[in-house]
Amino acid sequence: MKRFDVIVVGGGPAGMFAAGFAARQGARVALLEKNARCGEKILITGKGRCNITHSEDDPRKFVEHFGRNGRALLTALYAFGVKEVVAFFEEQGVPLKNERGGRIFPEHGEAADVQRALETFVRDAGVTVHTGCEVKNLLFDEGVVKEVETSIGTFTADSVVLATGGLSYPETGCTGDGYTWAKACGHHLITPEPALMPVTLSDPWTSEVSHFNLKNVRITLCVDGKKIDERFGEAFFTRSGIGGPIVLDMSSRIRDALKQGEVKLLLDLKPAVASDLFDKRLQRELAEHSNQDFANSLGQLLPRDMIQVFVRLVGIDPKKKCHSVTRVERQRLLKLFKEFELHVAGCEGFRRAIITSGGVSLEDIDMRSMRSKQVKNLFFAGEMIDLDGPTGGFNLQECWSTGYLAGVNAAGRQDNRSDITTI
Ligand SMILES: Cc1cc2nc3c(=O)[nH]c(=O)nc-3n(C[C@H](O)[C@H](O)[C@H](O)COP(=O)(O)OP(=O)(O)OC[C@H]3O[C@@H](n4cnc5c(N)ncnc54)[C@H](O)[C@@H]3O)c2cc1C
């Protein structure tokens with residue numbers, strides 16, 4: 001039996017923060033991770049660049065992005081908020097920069113630098129890291145975790161932090177194990193659901209245009225012809241549909257809308273220009289190319305690969321001379337630019353969801369310390385708790401803040417009878 005002050009289960013961002021900061025408090029800490037290395041999921045965040053946090057550094061405004069549960073995050077954010085995260089990564093040799101929409105990324109590097117910086121942090125703090133170590137079960141007795149059974153033997157500790165993540169991208173190790181143990185010892189579970197997921201379309205051509213970004217576009221969500229949401233920003237087609245920040249942020253509404261009726265997305269490729277003005281622009285383009293084939297007239301308006309799809313969908317003979325394009329045909333073209341109809345078939349599930357919504361109920365966690373209200377030496381951190389934010393770095397910030405708070409408090413509890421330190 002291996003004995004520690006604190007055991008952290010799960011070596012993602014939340015678990016690595018919990019372990020490192022618990023060790024910095026002087027606790028003997030073991031971090032148990034079933035993958036061959038910690039932070040596997042970090043490597044794929046932000047398309048390999050890792051959107052570490054968001055520039056909104058006022059905790060009260062930050063938590064508004066988490067909906068009705070957001071306020072629960074306040075103590076953690078005051079303890080270790082955006083400013084502390086930026087300072088932390090700079091100290092670890094990963095300077096950050098602010099990008100469009102308040103997204104904060106590593107200045108020079110990529111997600112791999114973030115993962116390596118966290119490994120170094122954990123190691124330098126003196127944490128004993130066991131990778132390739134799958135936790136199989138938690139044994140409870142008299143309201144405390146007594147033992148942690150793993151594939152490499154049994155561990156025991158005064159405090160245990162669960163940071164096993166959710167169910168999204170299961171190939172990164174997230175198989176919901178923590179939910180099972182939390183439920184088994186009396187915690188209420190809000191049904192985990194995939195969130196921030198790409199959308200599948202029945203339009204078969206998306207794979208032809210899946211390699212470039214649609215920047216500064218507007219997407220409107222319609223159910224049975226009624227507009228119910230709209231977003232402005234970045235999106236991209238995928239092999240089977242559409243993804244990117246504005247689609248991901250709307251995806252839970254899209255999933256609900258699919259239960260109500262026929263769902264379409266209207267893509268406005270030129271949202272800064274009103275339809276009548278853009279029609280004049282089209283007239284100018286067609287006039288300038290009047291003796292050329294229609295297929296060769298759209299170069300100023302669209303990326304090259306998109307032109308082929310446009311020409312096919314608009315139903316104008318590509319060889320028709322521009323001067324012969326009729327008004328009705330031009331109106332069809334205008335509609336494609338301003339109200340391109342995309343037919344929603346469904347939402348991707350956990351396999352491609354960025355995060356999992358739901359999880360361990362906040363009712364069962366003292367959010368001032370991240371300690372369980374059911375099991376007195378158990379703490380929670382990260383995605384496995386019932387908090388989920390939009391894209392933009394909000395979800396990782398939740399992991400840093402709750403990981404820090406859980407780690408510090410777990411370390412403060414080296415004997416199960418003493419009181420918790422709240423910050
Ligand atoms: C494609 C993608 C891109 C993303 N991009 C961003 C972004 O740019 N910015 C952002 O803010 N968020 C992003 N996210 C979300 C972010 O990655 C998650 O919110 C975050 O990783 C959750 O951290 P966590 O520590 O709670 O859990 P995880 O990162 O899921 O880590 C949990 C760890 O626990 C381990 N584990 C599970 N069960 C066991 C067990 N039984 N025994 C031992 N170990 C176990 C797992 O192997 C895993 O390593 C992205 C997610 C995805 C999938």
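Positions are given from 1, in the same order as the sequence printed here. Values reported hereafter were calculated over all heavy atoms of this structure, with side chains retained and with hydrogens, waters and symmetry mates removed. We count ligands from 1, going down the list as the structure has it; atoms in each ligand are counted the same way. Computed from a predicted model, the values in this text were never measured in an experiment.
- Between the Asp5 side chain and the Val29 main chain, no donor and acceptor come within less than 3.5 Å of each other.
- Salt-bridge formation is not detected for the pair Asp58/Lys83: no Lys NZ or Arg NE/NH1/NH2 atom is positioned less than 4.0 Å from an Asp or Glu carboxylate oxygen.
- The main-chain N or O of His343 is found under 3.5 Å from a side-chain atom of Asp203 such that the two form a donor-acceptor pair.
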List below, pair by pair, the N or O atoms of ligand 1 and of the protein that are less than 3.5 Å apart, including the distance to 0.1 Å; reply 'none' if no pair qualifies.
| unit_1 | atom_1 | unit_2 | atom_2 | d |
| --- | --- | --- | --- | --- |
| ligand 1 | 5 (N) | Gly46 | N | 3.0 |
| ligand 1 | 8 (O) | Gly46 | N | 3.0 |
| ligand 1 | 8 (O) | Asn51 | N | 3.2 |
| ligand 1 | 9 (N) | Asn51 | O | 2.9 |
| ligand 1 | 11 (O) | Leu396 | N | 2.8 |
| ligand 1 | 19 (O) | Glu383 | OE1 | 3.1 |
| ligand 1 | 25 (O) | Pro13 | N | 3.3 |
| ligand 1 | 25 (O) | Ala14 | N | 3.0 |
| ligand 1 | 26 (O) | Glu383 | N | 2.8 |
| ligand 1 | 41 (N) | Val135 | O | 3.1 |
| ligand 1 | 41 (N) | Asp177 | OD2 | 2.7 |
| ligand 1 | 42 (N) | Val135 | N | 2.9 |
| ligand 1 | 44 (N) | Lys34 | N | 3.2 |
| ligand 1 | 47 (O) | Glu33 | OE2 | 2.7 |
| ligand 1 | 47 (O) | Asn35 | ND2 | 3.3 |
| ligand 1 | 49 (O) | Glu33 | OE1 | 2.7 |
| ligand 1 | 49 (O) | Glu33 | OE2 | 3.2 |

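- In this structure, the side chain of Arg253 does not engage the main chain of Asp229 through any donor-acceptor pair within 3.5 Å.
- Taking 4.0 Å as the cut-off between side-chain N and carboxylate O, Lys373 and Asp364 do not count as a salt-bridged pair.
- A salt bridge is defined here as a Lys NZ or Arg NE, NH1 or NH2 lying under 4.0 Å from an Asp or Glu carboxylate O, and Arg368 with Asp366 meets this definition.
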